[in-house]
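Here, residue 1 is the first one in the sequence, and each next residue gets the next number.
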Amino acid sequence: MTRQQSFRQANAFAMLDGLWFGLYCCFGFLCVIKGMGSSTLGSLGTMVTLSVPVLGCFFARKFERQVREDALVGFGKAYLYGFLLYFYASLILAIFAFVYFNWFDHGVFAQNYIAALNSPEVREVLQQDSFNLMLGSATAQSGFGSVEELVRSITPVDMAAGLFNMNILIGLLLALPTAAFGYTRRRKLF
């Protein structure tokens with residue numbers, strides 16, 4: 001199998017698996033967002049988020065079993081598949097986040113986030129001199145008068161782009177353990 005065929009094969013499987021993986025991530029994202037007001041949904045969102053690497057490894061093993069007869073899956077091909085899997089899932093999640101924040105949220109996330117910042121526990125931490133100085137310099141450099149003003153100024157495009165960039169970087173790292181689970185292990189004959 002040539003490199004181009006190997007890439008196309010990994011890309012095709014990652015695209016299809018990335019669709020389902022992305023939908024799973026969208027469910028977790030929605031649970032985290034809606035969980036700011038509900039501890040049950042927040043816990044479910046946390047469990048979904050923590051299970052993402054496990055599910056990635058599951059998809060990598062499934063990929064290896066499906067293409068093993070065509071050619072052995074080396075670590076490089078498994079890493080490529082893992083990265084593409086996380087890439088497509090991140091793309092679907094970013095599109096979902098844009099749609100959600102643009103047409104469905106109506107500023108509820110920003111209000112919940114500001115309410116969390118104004119809670120007594122967080123207020124106590126933010127009143128410390130080091131945090132107060134850091135927060136004051138950050139808001140002054142950005143041109144905003146307060147953190148609330150800064151949070152309210154974030155657009156749906158900013159949220160989606162930030163989420164996509166963060167997930168791409170995390171995907172680069174998570175593709176390593178995913179590849180470790182997804183490559184073909186050679187069996188000893190003796």
Participant: Tell me the closest heavy-atom pair linking Tyr79 and Ala175, and the distance in Å.
Facilitator: CE1-CB, 3.3 Å

Participant: For Tyr113, I'd like to know if atom OH has over 12 heavy atoms of other residues, nucleotides or ligands within 6.0 Å.
Facilitator: no

Participant: Using a cut-off of 6.0 Å, state whether more than 12 heavy atoms not belonging to Phe181 lie near its atom CZ.
Facilitator: no

Participant: Could you state the interatomic distance from CZ (Arg68) to CZ (Arg61), rounded to the nearest 0.5 Å?
Facilitator: 6.5 Å

Participant: Drop me the distance from Leu176's CG to Phe83's CZ, to the nearest 0.5 angstrom.
Facilitator: 11.5 Å

Participant: Is any side-chain heavy atom of Ile154 closer than 4.5 Å to one of Phe101?
Facilitator: no

Participant: Which heavy atom in Ala10 sits nearest to a heavy atom in Leu80, and how many Å separate them?
Facilitator: CB-CD2, 4.0 Å

Participant: Decide if the gap between the ring center of Tyr81 and the ring center of Phe13 is smaller than 6.0 angstrom.
Facilitator: no

Participant: Looking only at atom types and distance, does a side-chain atom of Asn118 sit under 3.5 Å from a main-chain N or O of Ile114, one as donor and one as acceptor?
Facilitator: yes

Participant: So that I can tick it off, tell me whether Arg152 and Glu149 are bridged by a salt bridge, with the cut-off set at under 4.0 angstrom between side-chain N and carboxylate O.
Facilitator: no

Participant: Do Leu23 and Phe96 have side chains that approach each other closer than 4.5 Å (heavy atoms only, starting at C-beta)?
Facilitator: no

Participant: Given the rule that I, L, V, M, F, W and Y join up when any side-chain heavy atoms are under 4.5 Å apart, are Leu174 and Leu50 in one cluster?
Facilitator: no

Participant: Heavy atoms only: give me the nearest Ala160-Ala94 pair and the separation to one decimal.
Facilitator: CB-O, 3.4 Å

Participant: Apply side-chain contact (heavy atoms from CB on, under 4.5 Å) to Phe58 and list each qualifying residue two or more places apart in sequence or on a separate chain.
Facilitator: Leu55

Participant: For the OG1 atom of Thr49 and the CE atom of Met47, what is their distance to the nearest 0.5 Å?
Facilitator: 10.5 Å

Participant: For Asn11, what residues pass the side-chain hydrogen bond (donor to acceptor under 3.5 Å, both in side chains) criterion, not counting sequence neighbours?
Facilitator: Tyr88

Participant: Check for me, please, whether Leu41 and Val108 land in the same ILVMFWY cluster - side-chain distances under 4.5 Å, paths through other members count.
Facilitator: no

Participant: From Glu64 CD over to Leu72 CG, what is the distance, rounded to the nearest 0.5 angstrom?
Facilitator: 8.0 Å

Participant: Mind listing the closest non-hydrogen atom pair of Pro177 and Cys57 along with its distance?
Facilitator: O-SG, 4.0 Å

Participant: Taking all atoms of both residues into account, what is the closest heavy-atom pair of Phe63 and Lys77, and its distance?
Facilitator: CZ-CE, 4.0 Å

Participant: Answer yes if Val67 and Leu16 sit in the same cluster of Ile, Leu, Val, Met, Phe, Trp and Tyr residues linked by side chain heavy atoms under 4.5 Å apart, and no otherwise.
Facilitator: yes

Participant: Side-chain contact test, heavy atoms from C-beta onward, threshold under 4.5 Å: evaluate it for Asn167 versus Tyr86 and give yes or no.
Facilitator: no

Participant: Between OG of Ser90 and CG of Leu163, what distance do you get to the nearest 0.5 Å?
Facilitator: 7.5 Å

Participant: Give me the atom names and distance for the closest heavy-atom approach of Val73 to Gly182.
Facilitator: CG1-O, 3.6 Å

Participant: Would a hydrophobic clustering, with Ile, Leu, Val, Met, Phe, Trp and Tyr connected at side-chain separations under 4.5 Å, put Leu93 with Phe104?
Facilitator: yes

Participant: Hey, is the main chain of Asp158 close enough, under 3.5 Å, to the side chain of Thr155 for a donor-acceptor pair?
Facilitator: yes

Participant: Looking at OG1 of Thr2 and CZ of Phe7, how far apart are the two atoms once the value is rounded to the nearest 0.5 Å?
Facilitator: 12.0 Å

Participant: Determine whether Cys26 and Tyr100 make a side-chain contact, defined as any pair of heavy atoms from C-beta on separated by less than 4.5 Å.
Facilitator: no

Participant: Under the side chain to side chain contact (heavy atoms under 4.5 Å, CB included) criterion, do Leu44 and Phe27 qualify, and how do the steps go?
Facilitator: CA-CA 10 Å; Leu44 181 61; Phe27 172 71; 3.7 Å; yes

Participant: Would a 4.5 Å heavy-atom cut-off, applied to side chains only, mark Cys25 and Ile92 as touching?
Facilitator: no

Participant: Linking I/L/V/M/F/W/Y whenever any side-chain heavy atoms sit under 4.5 Å apart, do Val54 and Phe21 land together?
Facilitator: no

Participant: Taking the side chain as C-beta and beyond, is there a heavy-atom pair between Phe59 and Thr178 under 4.5 Å?
Facilitator: no

